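Everything on this sheet refers to the single structure shown next.
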2 protein chains.
Amino acid sequence: MSTSDWSLPETAVFDRIRTTLDDDTAAVLATVIAVDGSAYRRPGAKMLIRPDGGGAGSITAGCLEDEVRALAADVLADDSPRVETWDLTGDDDVWGLGIGCNGVITVLLEPLDESHHPVVDARGAGDAIGVATVVSDEPELDLAVGDRAYYEPADGFADGTGFPAAVLDELEDPTRTLVATGKSETLTVETDAGRVEVFVDGVRPPPDLVVFGSGHDVEPVVELANRVDFRVTVVSFRGGRADDDRFPRADGVVSASPREIPDLREWNADTYAVVMSHNFLDDRLALERLLETPIEYIGIMGPQKRFEEMREEFAAENRPITDAELKRIYTPIGLSLGGDAPYQIALSIVAEVVAVANDRTAQHLSRRGGPIHDRTERD
Amino acid sequence: MSTSDWSLPETAVFDRIRTTLDDDTAAVLATVIAVDGSAYRRPGAKMLIRPDGGGAGSITAGCLEDEVRALAADVLADDSPRVETWDLTGDDDVWGLGIGCNGVITVLLEPLDESHHPVVDARGAGDAIGVATVVSDEPELDLAVGDRAYYEPADGFADGTGFPAAVLDELEDPTRTLVATGKSETLTVETDAGRVEVFVDGVRPPPDLVVFGSGHDVEPVVELANRVDFRVTVVSFRGGRADDDRFPRADGVVSASPREIPDLREWNADTYAVVMSHNFLDDRLALERLLETPIEYIGIMGPQKRFEEMREEFAAENRPITDAELKRIYTPIGLSLGGDAPYQIALSIVAEVVAVANDRTAQHLSRRGGPIHDRTERD
């Protein structure tokens, strides 16, 4: 597997999984299901392993990829899933070339099969889904590694999963939370009939970034946002310049007037807007319409003074911007990185959007204290 | 000109200028020499315009590129430089499709000729240079638009520039500062014989990023750093995995032991180090050697706890890490953006390095207050 396949965004990894399923190519899916200590990637990280080398994705910073690939051959030969744990604590030199890692990492390896279709389909359709996978054999509950149940936010767990009702009851609440937050965790479920380990994978579609503008400066933003796994739509005002060719990395390019914004698409809390038309009137109208949506991030390019003028126009029209609305407006857009070249500006914008999408206030990790991730730490 | 040419890093723009000079292709170089109010790009930003379309670089967010290109044809026909000012304040709709900008921007347009060789050569050789260009015709001083003098940090202004000594005397101090900081500014020089406007362009080679590591996770860091115009060297410990093919975007790939670090290259304050070998021993040795150099940024991947262990080993060897050294060490590396995929991690690392290279503490511009740039503001 090449470095570029290894570092693909999650959406591209899922695309590769779909293609592999469609082609009926034998393959193994490796998923991080637990991490104790520090790790580069968190539970839920996936790597597709194909015997033909056409894999994709990463589960560590390279510490285990070779070992996992070797094991994958066994999984394919046996045609059965397995769970493997590696203890990398305090043993930095054990892995061949010395690229050891810290922490204990547990990985589920399973043959890619039709049981993966629902999650690929849901994510591709823009829906969140929970996947509960048994990761310990529990004969007394009639459950074995690889048994699987799906959870849809609107309907809960599907019927006919084969999971005992008592297990599903226990899973319901934590699964709801994991799916809502896009996190993944291995849970120990205790029932009167016995206990079982279940990995619950909260899978969400990528967040949406909508960029309003059509200048040359839009494409670097689109490109970097694509790299960090946003689904990017470019909205060009006044038509003239909107065509897909100019934004090859965008998932969609549309032409619209600012007034049409609310009806353009579904706007939800996982949608982020970057307003950079460089036209004061268009930007102001866009802001007005975006404030009508529930989105929590509206970044506006331009200096503070320009936004103050906008704000005065809002006030003059008896529609003052409220303090609650101000919290959703990020202007000047971006992080204070200091560069002024197109990619430097795009970097500052996309880094800000990533931080907001992950509920972070961007700052230097070394100066902040506390862990890097919410539950585990990166190595 | 395509969007990808427009958004090229400065180093690539200079490469294109060099190629154009070498090929003897007629072309115009447009340089922002002054900005009043808000602007996307600051003084010193350059755009190469070739009649064959093979241009590169940007001078605004797209507001003036078409106008400047039209003017360039006149400049080529006349074979003489000119200075043009556009007042874009308060007139958002004047530019065709409405992609107006705010601010007053002044641009020097000049036929590309041998007078550009010294700056291209100096930058390419990794040296800083100052270029003083007359931007107002002043017959009483015998100076005309386009007259040029070069300033080298070690030697000051070169002899035989044609500039009156009184003008060079006045330019000496501000030019030293501009070259040292890589900034550019139009200065009004007053002498007994008259006044003249001189644009002083402080041109510095790109900063250096040295990445220690050879895992898959290195390439996304290299790629993003390349995009934001670092000259990137990958240093692989223990040889095995070092080859240029794996890091196509790196300017150099070398294999070395941590002990060889001080002798590997020249280390100066414009060099930044990212330590991500994932091997505790190698990282610790690398840190020890990097602390012997004058570099101000040593980012180390891994959790705080891992660094504390490193610190204890330093102390146990009677070589405690001082508070002054701690200020140069950034670990956990990167900004708190919250993502864990390879490109998200790379984004957090590269954004941090850009901030440090620009003497910034990374934070949300909208929550910080104050202007975006030091002297002008972005639009």
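This structure is a prediction, so every number in the text was calculated from the model and none was measured.
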Please report the closest heavy-atom contact between [X] and [Y], naming both atoms and the distance.
| X | Y | value |
| --- | --- | --- |
| A/Val356 | B/His364 | CG2-CE1, 4.1 Å |
| B/Glu352 | A/Ser366 | OE1-OG, 4.4 Å |
| B/Ser336 | A/Thr361 | OG-O, 3.0 Å |

Practice item. Give the member of B/Ala357, B/Pro342, B/Ala355 that has the highest number of heavy-atom pairs under 4.5 Å with chain A. Key: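 Answer, by heavy-atom pair count under 4.5 Å with chain A: B/Pro342.
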
Review point. Highest number of heavy-atom pairs under 4.5 Å with chain A: which of B/Ala346, B/Ala45, B/Ala341, B/Ser7?
Key: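 It is B/Ser7.
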
Measure the shortest side-chain to side-chain distance between [X] and [Y] over non-hydrogen atoms and say whether it is less than 4.5 angstrom.
| X | Y | value |
| --- | --- | --- |
| A/Asp340 | B/Arg41 | yes |
| A/Pro220 | B/Arg227 | no |
| B/Tyr330 | A/Arg367 | yes |
| A/Ile345 | B/Val228 | no |
| B/Thr331 | A/Leu365 | no |

Exercise for review: Select one option (side chain, backbone, both, neither) describing which atoms of B/Val353 are under 4.5 Å from chain A's heavy atoms.
Suggested key: neither

**Study point:** Portion of B/Leu224 that has a non-hydrogen atom of chain A nearer than 4.5 angstrom
**Key:** side chain

Point to revise | Residues which pass ring-ring contact (aromatic ring centres under 6.0 Å, His included) with A/Tyr343, listed by chain and number, not counting sequence neighbours | key: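 So A/Tyr343 forms no ring-ring contact (aromatic ring centres under 6.0 Å, His included) with any residue.
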
Review point. At a heavy-atom separation under 4.5 Å, does A/Glu10 approach chain B through its side chain, its backbone, both, or neither?
Key: neither

Practice item. Using non-hydrogen atoms and a 4.5 Å limit, figure out which bit of A/Leu326 sits close to chain B: side chain, backbone, both or neither. Key: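 Backbone only.
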
Point to revise | Max heavy-atom pair count under 4.5 Å with chain B, selected residue of A/Asp359, A/Asp229, A/Leu337 | key: A/Leu337

